[in-house]
Amino acid sequence: MLDIDLIRRNPELVRQALRNRGEEAALEPILELDSQRRLLIHEGDQLRARRNEVSREIGRGGEGKTTLIQEMRKVGERIKALEEAEKALEEQLAALLLTLPNIPRDDVPVGPDSSANVVVRTWGEPRAYDFQPKAHWDLNESLRIIDFQRGAKLSGARFYVLRNAGARLQRSLISWMLDMHTREHGYTEVYTPTLVRREVMQGSGNLPKFADNLYHDQEDDLWLIPTAEVTLTGLHGDELLEPGSLPLNYVAYSPCFRREKAAAGRDTRGIKRVHQFDKVEMYKLVEPEQSDQELERLVSNAEEVLRRLKLAYRVVRLCTGDLGFPSAKSYDLEVWAPGCQEWLEVSSSSNCTDFQARRSNIRFRREARGAPQFVHTLNGSGVALPRLMIALLETYQQADGSVVIPEALRPHMGMEKISPTA
RNA sequence: GGAGGGAUCGCAUAGUGGUCUAGUGCGCCCGCCUGCUAAGCGGGUCGGGGGGUAACCCCCGCAUGGGUUCGAAUCCCAUUCCCUCCGCCA
C-alpha cells in the first residue's frame, strides 16, 4: 500500500514511478475520494463535539433539557448518515489503494519487461561434459526418483511424487539450508501455517489482485500460501515493535501452492513449474535506512547455497517492468541447468520497503518515546527446491546416468551418489 | 460438535448509564536529591484520524461489528480469539 499522503503531496512522482512499471494508475479518483472523505470527517467531528458537549449539559440537569434532547436526536441522525457515507468512501478508497503496486527504488533500471533486466554478476563455470547432458525428465527415466504419472493420478497435471533418493535429496536440502541460515547467517527458524486468512494474504500483496493464482478454501475463506513470505509478513502484523527489536531475521521452510493459470501450457515437462513445491524462505524486518544494504546481504545469503553446491549461477537485477507487485527492488538468482539448457530462477530477493508493512500494519519505535514508524520488509528464497534439484541432477549427472551428490550435502544426504534403479 | 468462563492503557487491576476528560499500582521516560547504586520526591507516560503557519484544538478507539439512548467500558444482539470440561481425533 502506498502512503496516501505521498499521493496527495506528489501525485506526479507516483504517476511516473508506476508508469515505469508499466502501470497507468488512475490517481484522480483516489485524490477525489480522499478529499471528499476529509470533508465528511470534518463535519462529523464537529457534530460529535457538539453532541458531547450538549450531552454533558443534559447530564448536569440544566434547563431546556427536552428541547436539547429533541435537537440532539436530529444531530444523531445526521451523524449516522455521515458515518455511513464516510465508511463507503473509505472502502472505495482502500479498494483503489490496494491495487497500486510499490514504487521502485531510484537505482532500479527502467525497462518494460525481463528483456531489460541486468545481469550483475555470474559465479562458477558451467561444467564441461564429454557426453550430451540430459534434461532431468530424461535422466529420471533411469533414476526413477520423480513419478509424474502417479503425481497426475493423485492430483492432476503439474503434480509429482518424489521417491527414494529423490525424496531424500529434497529433505536433505531443506534441512541443510535451514541449518546454514540459522547457524551461520543469523536467521531464526519458524514454522508457520500454510493456510491463512484473507487479510493476511492481502497484507503481503497477493490479494486482492492475484486471487487467480491462489488456491482457496471457500468454506472457511482460507487461502493456501504461494510462499512463506505471506505468513512471515503476517507474523508481526498489527504489532508495534519496541525499540531495539529490529532487525528481525526469519527463515521458514514451507510448501507453496500456485495455480499457475497465467502460465498455462508453458514449462509442462519436468518439475520446473508445478502447483505445489517446497521452499526455504528468508525474511527480514528492518529499520528503513537499513533495507538497501540488507537486500545485498539477503542475496548473498541465498547465493551461498548455490556456491556451496558449486552450481553455476548468475545474479539478475530486475528492471522496473519486471518487479513483483510489492517490490521496490529485486534480484533474481538463476542457476544453470545444462540438461534443459536454461537459466532457472531459484530465488528472488526483494526489498518491499514499507509497502507490506503498511498493508499489514507492522510498526516500530526507535526510542521509548518515539513516534511509531513502518518497518521495511525484505524477502528472499533461500532457495526453492524443485529447480534447485533440477540444477543438481542435471549438473552432476554422469555418463552412466548416475548423479554425484555434491560434497557439501553428503553429510546430510548420507550418500555420495544416486544410481539408476532397475 | 456440546457446556461453561473470560477479553479494560506495556503488565496487573478498578470501573454495572452522565463527576470516565478511563482511576490506581508496577514498569518506563525526564528532573530533583544522593560518594555510586538502590530508595525517596516531583512531573510525564497509548494508538489512529481531522483542523491549524504554530502554540494548540477537536474526533474516534475499553476484543470486533451492529443495536438501544440526548449520552455506553457499563445495557442488548452477533462474531472472533483465549481458557476449562465433555465428545471426536493425527
Inset, instruction - Could you let me know what B/rG1 is paired to, Watson-Crick or G-U wobble, both distances under 3.5 Å, or none if it's on its own? - result: B/rC86
Inset, instruction - Verify the contact: side-chain N or O of A/R38 to OP1 or OP2 of B/rG49, cut-off strictly under 4.0 Å; return yes or no. - result: no
Inset, instruction - Using a heavy-atom cut-off of under 4.0 Å over every strand shown, decide if A/R365 touches base, sugar-phosphate, or nothing. - result: sugar-phosphate
Inset, instruction - Provide the distance between the two P atoms, one in B/rU24 and one in B/rG43, to the nearest whole Å. - result: 11 Å
Inset, instruction - Could you tell me whether the side chain of A/S55 and the main chain of A/N52 form a donor-acceptor pair under 3.5 Å? - result: no
Inset, instruction - Would you mind reading off the distance between A/I41 atom CD1 and B/rG50 atom P, rounded to a whole angstrom? - result: 6 Å
Legend entry - Along RNA chain B (nearest heavy atom to each residue), the more 5'-positioned of A/G44 and A/M72: A/G44
Inset, instruction - Give a yes/no on whether any side-chain N or O of A/R56 is located under 4.0 angstrom from OP1 or OP2 of B/rG71. - result: no
Inset, instruction - Give me the one residue out of A/E32, A/K87, A/H42, A/E90 that meets side chain to side chain contact (heavy atoms under 4.5 Å, CB included) with A/R37. - result: A/E90
Inset, instruction - By nearest nucleotide on RNA chain B, pick out whichever of A/G370 and A/A49 is the more 5' one. - result: A/G370
Inset, instruction - Between B/rC77 and B/rG4, how far apart are the P atoms? Round to whole Å, please. - result: 14 Å
Inset, instruction - For B/rU79 and B/rC26, measure between their C1' atoms and round to the nearest Å. - result: 34 Å
Inset, instruction - Using the C1' atoms only, state how far B/rA73 lies from B/rC20, rounded to an integer number of Å. - result: 9 Å
Legend entry - Closest to the A/P372 side chain, choosing from B/rG18, B/rG48, B/rG50: B/rG48
Inset, instruction - Could you tell me whether A/F364 and A/F374 have their ring centroids closer than 6.0 angstrom? - result: no
Legend entry - Residues A/R297 and A/E294 bridged, charged N to O under 4.0 Å: yes
Inset, instruction - With C1' as the reference atom in both, quote the distance from B/rG67 to B/rU74 in angstrom, rounded to an integer. - result: 15 Å
Inset, instruction - Grab the CG-P distance between A/L89 and B/rG49 for me, whole Å please. - result: 17 Å
Legend entry - Whole-Å gap separating P (B/rC29) and CD (A/E242): 12 Å
Legend entry - Interatomic distance where CD belongs to A/E83 and P belongs to B/rG50 [whole Å]: 16 Å
Inset, instruction - For A/R37, answer base if it contacts any base atom (sugar-phosphate contacts may also be present), sugar-phosphate if it contacts only those atoms, and nothing otherwise; contact means non-hydrogen atoms under 4.0 Å. - result: sugar-phosphate
Inset, instruction - Sort out the partner of B/rU34 for me: Watson-Crick or G-U wobble, both distances under 3.5 Å, none otherwise. - result: none
Legend entry - Rounded distance in Å - CE (A/M1) to P (B/rG48): 14 Å
Legend entry - Whole-angstrom distance between B/rA38 and B/rC57, as gauged at atom C1': 43 Å
Legend entry - Of the listed nucleotides B/rC70, B/rG47, B/rG67, the one nearest the side chain of A/R73: B/rC70
Legend entry - Short side-chain N/O contact from A/K87 to OP1 or OP2 of B/rG66, under 4.0 Å: yes
Inset, instruction - Could you work out the separation of B/rG15 and B/rU8 based on their P atoms and round it to a whole Å? - result: 14 Å
Inset, instruction - Find the distance A/N361:CG to B/rC46:C1' and express it as a whole number of Å. - result: 14 Å
Legend entry - Closest nucleotide among B/rG51, B/rG47, B/rG18 to the A/L240 side chain: B/rG47
Legend entry - A/T99 to A/E23 - nearest heavy-atom pair and separation: O-OE2, 4.2 Å
Legend entry - Pairing partner (Watson-Crick or G-U wobble, both distances under 3.5 angstrom) of B/rU68: none
Inset, instruction - Please measure how far the C1' atom in B/rG6 lies from the corresponding atom in B/rC46, and state the result in whole Å. - result: 23 Å
Legend entry - B/rU79 - base-pair partner by Watson-Crick or wobble geometry, distances under 3.5 Å: B/rA63
Inset, instruction - Scan every strand shown for a Watson-Crick or G-U wobble partner of B/rG23, both distances under 3.5 Å, and answer none if you come up empty. - result: B/rU13
Inset, instruction - Figure out the CG/P separation between A/D45 and B/rG51, and round it to whole Å. - result: 9 Å
Legend entry - Donor-acceptor contact present, side-chain A/R21 to main-chain A/N102, <3.5 Å: yes
Inset, instruction - May I ask you to decide if A/V251's main-chain N or O and A/E281's side chain share a donor-acceptor pair within less than 3.5 Å? - result: no
Inset, instruction - Report yes if the distance between the aromatic ring centroids of A/Y250 and A/Y187 is under 6.0 Å, otherwise no. - result: no
Inset, instruction - Would you mind reading off the distance between A/E57 atom CD and B/rU19 atom P, rounded to a whole angstrom? - result: 13 Å
Inset, instruction - Under 4.0 Å between any heavy atoms, over every strand shown, what does A/K74 touch: base, sugar-phosphate, or nothing? Just pick one. - result: nothing
Inset, instruction - Give a yes/no on whether any side-chain N or O of A/K80 is located under 4.0 angstrom from OP1 or OP2 of B/rU68. - result: yes
Legend entry - Quiz item: A/N52 side-chain donor-acceptor pair to B/rG71 base, under 3.5 Å: no
Inset, instruction - Consider the side chain of A/R51, meaning its heavy atoms from C-beta on, and name the nucleotide among B/rG18, B/rC59, B/rG71 that approaches it most closely. - result: B/rG71
